[in-house]
Chemist: 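Below is one structure. I have some questions about it.
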Amino acid sequence: MSKEITSRAQDYSQWYNDLILKSGLADYSAVRGCMVIKPYGFALWENMRDVLDKMFKDTGHVNAYFPLFVPKSLFEAEEKNAEGFAKECAVVTHYRLKADPNNKGKLIVDPEAKLEEELVVRPTSEAIIWNTYKTWIQSYRDLPILVNQWANVVRWEMRTRLFLRTAEFLWQEGHTAHATAEEAIVETKKMLDVYADFVENWMALPVVKGVKSPNERFAGAEDTYCIEALMQDGKALQAGTSHFLGQNFAKAFDVKFSDKENKLDYVWATSWGVSTRLIGALVMAHSDDNGLVLPPKIAPVQVVIVPIYRGEEQKQVIDAKVQELVKQLKALGITVKYDDSDNARPGWKFAEYELKGVPVRVALGPKDLENNVAEVARRDTKEKSSVSLDGFAQHIQQLLEDIQQNLFNRAKSYRDEHITPANTWDEFVQTLDTKGGFVAAHWDGTPETEEKIKELSKATIRCIPLNNTEEAGACILTGKPSSQRVLFARAY
RNA sequence: CGGGAUGUAGCGUAGCCCGGUUAUCGCGCCUGGUUUGGGACCAGGAGGUCGCAAGUUCGAAUCUUGCCAUCCCGACCA
């Protein structure tokens, strides 16, 4: 078996690709920039989706589904948004193929079947949704509208990377409509908190909550809030965004409502989303040179049990004991897999489940049975211990919680150690080059300076942290006065 | 989209420069047996549009051109 993974030290990008391909999360496909999410990867996404979906419902949202295609005229209605996405839109121009008269067995696009109006494959759904909301909203009594959709979107990226940036990806997009700006802003921040809660408490990945600079803001938004995470190579990754859209889309699509005084006003909007990109974040945040390391709370399999035996007789005894354990574990809501396949020997299985990031591995053999114990190995630290079969399930449950907590703590201390203040340009660049991570530095607040810094250092403003401390200082590049530090980083 | 690299069985590869029988080797796979506490062993076996297409040639994995895909670097990117 040669499932060698490139080490992180040797080539971080290759390590990332190796992990995803060899652990069975995903595969490349025959379509440029598009990937196949394999069952193991999709199981992970389903777990994430289920948790998020519940969180959305618990905050009053409902799911709906809108079309994949957006007529070009609708798409271009909100100008800034349209311009922002124009360069990466897939466009449907025809609706029919026909047999190629010059090439038997081949098809050509039927030139007779040109669409009168091109359809844009949604890169996001604001346009089609706001065109619809127009028909749903007349009065303040129709508000708020709190809708989410789980969907695929297409953004024709020049350069793609598994999970992090693909031409087609899965996500959820929330689109809400409100009677007041205040209410919309509350919603925007609430959903940012939901994302932070999910990413930190389920994915064990600490995030910085913040607001984007104008350059990095969503096209068509008044404010873009975000959660930023830090990867093991010191690069930052935007893990989720929540936008306060003001009245931009309401104006573009003429969505007005009558308030209690019967005055007409445009509706206030938000949108927010996270995508399968989170899986990329998860991989890069926790995994090691032996494979994935998955947080127990979203791992498709939390516990795998591997039997060790000589001959059928022993196997039967172990099977019986394992069935008991499985039952106890399941009773506590633990996802457990008993791998008694005879195809692979235990050592092979151990390596395989490490590669797949299963949080806890249990090995049970005759010696263990004699002593009423099992060998328990935790993926995060690779520690092995002998655990009594009395109260076994409770012990495992506790262990899973410990692993979850340990992963978070580990990622958090790494993150905290990689927020470095810089007060001079040299310090700034040197920190980025040698240490990576976030650099907290003063910025004069102008897009020009931000652009210049990006050009010179490849670092962008990841966010202006919420609840940032006020501190007078001088811009790292221009020396102009600044009132607070913002977080810079090189990013995915 | 620009520069560089790669593509030979499921995976990793030799052969390519210098065209010439039946395309090399390892892992994996199948059958049988022995095994099973960190990626087992023996014996036998199957598996190939040499990325795709066109061209040059008596003959192409090998030479030429175009295309497709992947990786790296850039540009681009909510």
Side-chain angles (χ1 to χ4, degrees), chain A residues 1-6 11-18 21-22 27-35 80-81 84-89 103 106 123-124 126 153 155-162 164-167 169 171 173 211-221 223-228 237-243 245 271-275 277 290-291 306-312 314-315 318 339-355 361-371 373-375 377 382 384 386 454-455 458 460 462-463 491-492:
Chain A
M1 198 63 198
S2 58
K3 281 198 174 172
E4 284 300 303
I5 295 170
T6 308
D11 185 342
Y12 191 84
S13 297
Q14 194 56 48
W15 166 79
Y16 176 79
N17 289 331
D18 282 356
L21 297 173
K22 293 182 179 177
D27 236 333
Y28 293 113
S29 75
V31 192
R32 173 186 221 122
C34 296
M35 62 183 217
K80 279 186 188 154
N81 188 255
F85 282 112
K87 290 190 296 287
E88 43 187 327
C89 284
N103 205 344
K106 304 285 178 175
T124 180
E126 273 79 3
V153 286
R155 298 177 187 180
W156 215 261
E157 301 288 353
M158 286 299 154
R159 191 172 161 190
T160 57
R161 301 199 61 187
L162 294 167
L164 297 177
R165 179 170 286 112
T166 47
F169 58 92
W171 77 343
E173 44 182 326
V211 63
K212 287 290 188 188
S213 64
N215 277 8
E216 299 282 323
R217 186 184 290 154
F218 176 67
D223 268 315
T224 289
Y225 294 85
C226 62
I227 49 173
E228 292 285 327
L237 186 136
Q238 177 178 297
T241 49
S242 184
H243 314 289
L245 301 174
S271 71
W272 28 272
V274 296
S275 71
R277 186 180 221 210
N290 293 305
V306 177
I308 310 228
Y309 57 90
R310 293 169 197 270
E312 264 309 300
Q314 273 189 3
K315 169 123 197 316
I318 289 164
D339 185 354
D340 67 339
S341 64
D342 198 33
N343 300 335
R345 297 167 79 255
W348 191 91
K349 292 178 186 173
F350 293 174
E352 185 66 13
Y353 290 112
E354 268 164 25
L355 176 60
R361 183 190 73 231
V362 176
L364 196 67
K367 288 180 209 161
D368 300 309
L369 279 188
E370 275 174 37
N371 299 316
V373 296
E375 182 194 81
K382 301 241 252 336
K384 289 196 271 200
S386 193
K454 182 180 172 184
E455 199 184 306
K458 309 265 182 226
T460 50
R462 301 320 303 160
C463 70
Y492 279 101

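Quick note on labels: first sequence line is chain A, next is B, and so on, each numbered from 1. Computed from a predicted model, the values in this text were never measured in an experiment. In what follows, every heavy atom counts, from backbone to side chain, and hydrogens, waters and symmetry copies are set aside.
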Chemist: How does RNA chain B look in dot-bracket form if you count Watson-Crick and G-U pairs under 3.5 Å, write [ ] for pairs that cross, and put | where a base pairs with another strand?
Modeler: ((((((((.[[[..)....(....]]].((((((.....)))))).....[[[[[..)....]]]]])))))))....
Chemist: Report, one pair per line, the protein and nucleotides 68-76 of chain B atoms (nitrogen or oxygen only) whose separation is under 3.5 Å.
Modeler:
| unit_1 | atom_1 | unit_2 | atom_2 | d |
| --- | --- | --- | --- | --- |
| B:A69 | OP2 | A:Arg32 | NH1 | 2.8 |
| B:U70 | OP1 | A:Gly33 | N | 3.0 |
| B:U70 | O3' | A:Tyr28 | OH | 3.2 |
| B:C71 | OP1 | A:Tyr28 | OH | 3.0 |
| B:C73 | OP2 | A:Arg159 | NH2 | 2.5 |
| B:A75 | OP1 | A:Lys458 | NZ | 3.1 |

Chemist: Is a side-chain donor or acceptor of A:Lys349 paired with a backbone partner of A:Asp339 at a separation under 3.5 angstrom?
Modeler: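 Here the side-chain-to-backbone pair exists.
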Chemist: Determine the Euclidean distance between corresponding C1' atoms of B:C18 and B:G7; express it in Å to zero decimal places.
Modeler: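 Their C1' atoms lie roughly 23 Å apart.
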Chemist: Between B:C17 and B:U6, how far apart are the P atoms? Round to whole Å, please.
Modeler: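 It works out to 15 Å between them.
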Chemist: Evaluate the side-chain proximity of A:Cys34 to A:Thr166: yes if any heavy-atom separation is below 4.5 Å, no if none is.
Modeler: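 No - every pair of side-chain heavy atoms lies 4.5 Å or more apart.
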Chemist: Calculate the interatomic distance between A:Asp368 atom CG and B:G37 atom P; express it in whole Å.
Modeler: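 Going from A:Asp368 (CG) to B:G37 (P), I get 13 Å.
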Chemist: If I take atom CG in residue A:Asp340 and atom P in nucleotide B:G37, what distance separates them, rounded to the nearest angstrom?
Modeler: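 Nearest whole value for this atom pair: 16 Å.
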Chemist: Both conditions, 6.0 Å and 45 degrees, for the charged tip of A:Arg361 above the ring of A:Phe350: are they met here?
Modeler: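 Positive - A:Arg361 is close enough to the ring of A:Phe350 and near enough to its axis.
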Chemist: Round to the nearest Å and state the distance from A:Arg361 atom CZ to B:G37 atom P.
Modeler: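 A:Arg361 atom CZ is separated from B:G37 atom P by 12 Å.
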Chemist: Looking at residues at least two apart in the chain, or sitting in another chain, which of them share a ring-ring contact (aromatic ring centres under 6.0 Å, His included) with A:Tyr16?
Modeler: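 With neighbours one apart ignored, the set is empty.
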Chemist: Taking the C1' atom in each of B:C16 and B:U8, what is the distance between them to the nearest angstrom?
Modeler: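 Nearest-Å result for B:C16 against B:U8 at atom C1': 11 Å.
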Chemist: At under 4.0 Å between heavy atoms, what does A:Ala219 touch on the DNA or RNA strands: base, sugar-phosphate, or nothing?
Modeler: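 Base, at least one base atom sits under 4.0 Å.
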Chemist: Taking A:Arg277 for the side chain and A:Leu164 for the main chain, is one N or O donor matched with an acceptor at less than 3.5 Å?
Modeler: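 Yes.
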Chemist: May I have the distance from A:Glu375 (atom CD) to B:G38 (atom C1'), rounded to whole angstrom?
Modeler: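 Rounded to the whole Å, the gap is 9 Å.
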Chemist: Is A:Pro366 touching bases, backbone alone, or none of the nucleic acid, heavy atoms closer than 4.0 Å?
Modeler: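 Counting heavy atoms under 4.0 Å across all strands, the contact made by A:Pro366 includes a base.
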Chemist: Rounded to the nearest 0.5 Å, what separates atom CD1 in A:Ile5 from atom CD in A:Glu354?
Modeler: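 These two atoms lie 10.0 Å from each other.
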Chemist: If we only count heavy atoms from C-beta on, is the A:Glu216 to A:Arg462 side-chain gap below 4.5 Å?
Modeler: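 Counting from C-beta outward, A:Glu216 and A:Arg462 do come under 4.5 Å.
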Chemist: Can you list the residues that meet the ring-ring contact (aromatic ring centres under 6.0 Å, His included) rule with A:Trp15, with sequence neighbours excluded?
Modeler: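 By the ring-ring contact (aromatic ring centres under 6.0 Å, His included) rule, A:Trp15 matches A:Tyr12.
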Chemist: Tell me the interatomic distance from A:Phe350, atom CZ, to B:U36, atom P, rounded to whole angstroms.
Modeler: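 Going from A:Phe350 (CZ) to B:U36 (P), I get 14 Å.
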Chemist: Rounded to whole angstrom units, what separation is found between the CD1 atom of A:Ile308 and the P atom of B:G37?
Modeler: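 A:Ile308 atom CD1 is separated from B:G37 atom P by 6 Å.
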Chemist: For A:Asn343 and A:Lys384, find the nucleotide of RNA chain B closest to each by heavy atoms; which residue's nucleotide sits nearer the 5' end?
Modeler: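 Looking at RNA chain B, the more 5' nearest nucleotide goes with A:Asn343.
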Chemist: Taking B:A61 as the reference, what is the distance to B:C67 when you measure between their P atoms (whole Å, please)?
Modeler: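 Between the two P atoms, the distance is 23 Å.
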Chemist: Which part of the nucleic acid does A:Arg462 contact within heavy-atom distance under 4.0 Å: base, sugar-phosphate only, or nothing?
Modeler: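 No contact at all - A:Arg462 keeps every heavy atom at 4.0 Å or more from the nucleic acid.
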Chemist: When rounded to the nearest 0.5 angstrom, what distance separates OH in A:Tyr309 from CD in A:Gln314?
Modeler: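 Taking OH in A:Tyr309 and CD in A:Gln314, the distance rounds to 10.0 Å.
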Chemist: Measure NZ/A:Lys367 against P/B:U36 and give the value in whole Å, please.
Modeler: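 Taking atom P of B:U36 as the reference, NZ of A:Lys367 is at 11 Å.
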Chemist: Suppose you measure atom P in B:G74 against the same atom in B:G37; what distance do you get, rounded to whole Å?
Modeler: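 About 47 Å, rounded to a whole number of Å.
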Chemist: At 4.0 Å (heavy atoms only), tell me whether A:Lys212 reaches a base, stays on the sugar-phosphate, or touches nothing.
Modeler: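 Nothing: the residue A:Lys212, judged by heavy atoms under 4.0 Å, touches no strand.
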Chemist: With a 3.5 Å distance limit and no angle check, can you tell me whether A:Thr224 reaches the backbone of A:Lys212 through a side-chain donor-acceptor pair?
Modeler: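 Here the side-chain-to-backbone pair does not exist.
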Chemist: Rounding to a whole Å, what distance do you find between A:Lys22:NZ and B:C27:P?
Modeler: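 After rounding, the gap between these two atoms is 17 Å.
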Chemist: For A:Tyr225, enumerate each residue passing the side-chain hydrogen bond (donor to acceptor under 3.5 Å, both in side chains) test, keeping only those at least two apart in sequence or located in another chain.
Modeler: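 Counting only residues at least two positions away or on another chain, A:Tyr225 forms no side-chain hydrogen bond (donor to acceptor under 3.5 Å, both in side chains).
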Chemist: Please state the P separation for the pair B:C63 and B:C50 - nearest whole angstrom.
Modeler: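 That atom pair is separated by 15 Å.
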Chemist: For the P atoms, the ones on B:U62 and on B:A23, what distance do you get once it is rounded to whole angstrom?
Modeler: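 Taking atom P in both B:U62 and B:A23, they lie 15 Å apart.
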Chemist: Say you pick atom P in B:G51 and the same atom in B:G10; how far apart are they, in whole Å?
Modeler: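 Approximately 13 Å lies between the P atom of B:G51 and that of B:G10.
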Chemist: With a 4.5 Å cut-off on side-chain heavy atoms, are A:Phe218 and A:Leu245 touching?
Modeler: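 A:Leu245 vs A:Phe218: side chains touch.
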Chemist: Can you confirm whether A:Ser271 sits close enough to A:Thr241 that some side-chain heavy atom of one is under 4.5 Å from a side-chain heavy atom of the other?
Modeler: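 Sidechains of A:Thr241 and A:Ser271: no contact.
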Chemist: Polar atom pairs between nucleotides 32-35 of chain B and protein, under 3.5 Å, N or O only, would you list them?
Modeler:
| unit_1 | atom_1 | unit_2 | atom_2 | d |
| --- | --- | --- | --- | --- |
| B:U35 | O4 | A:Asp342 | OD2 | 3.4 |

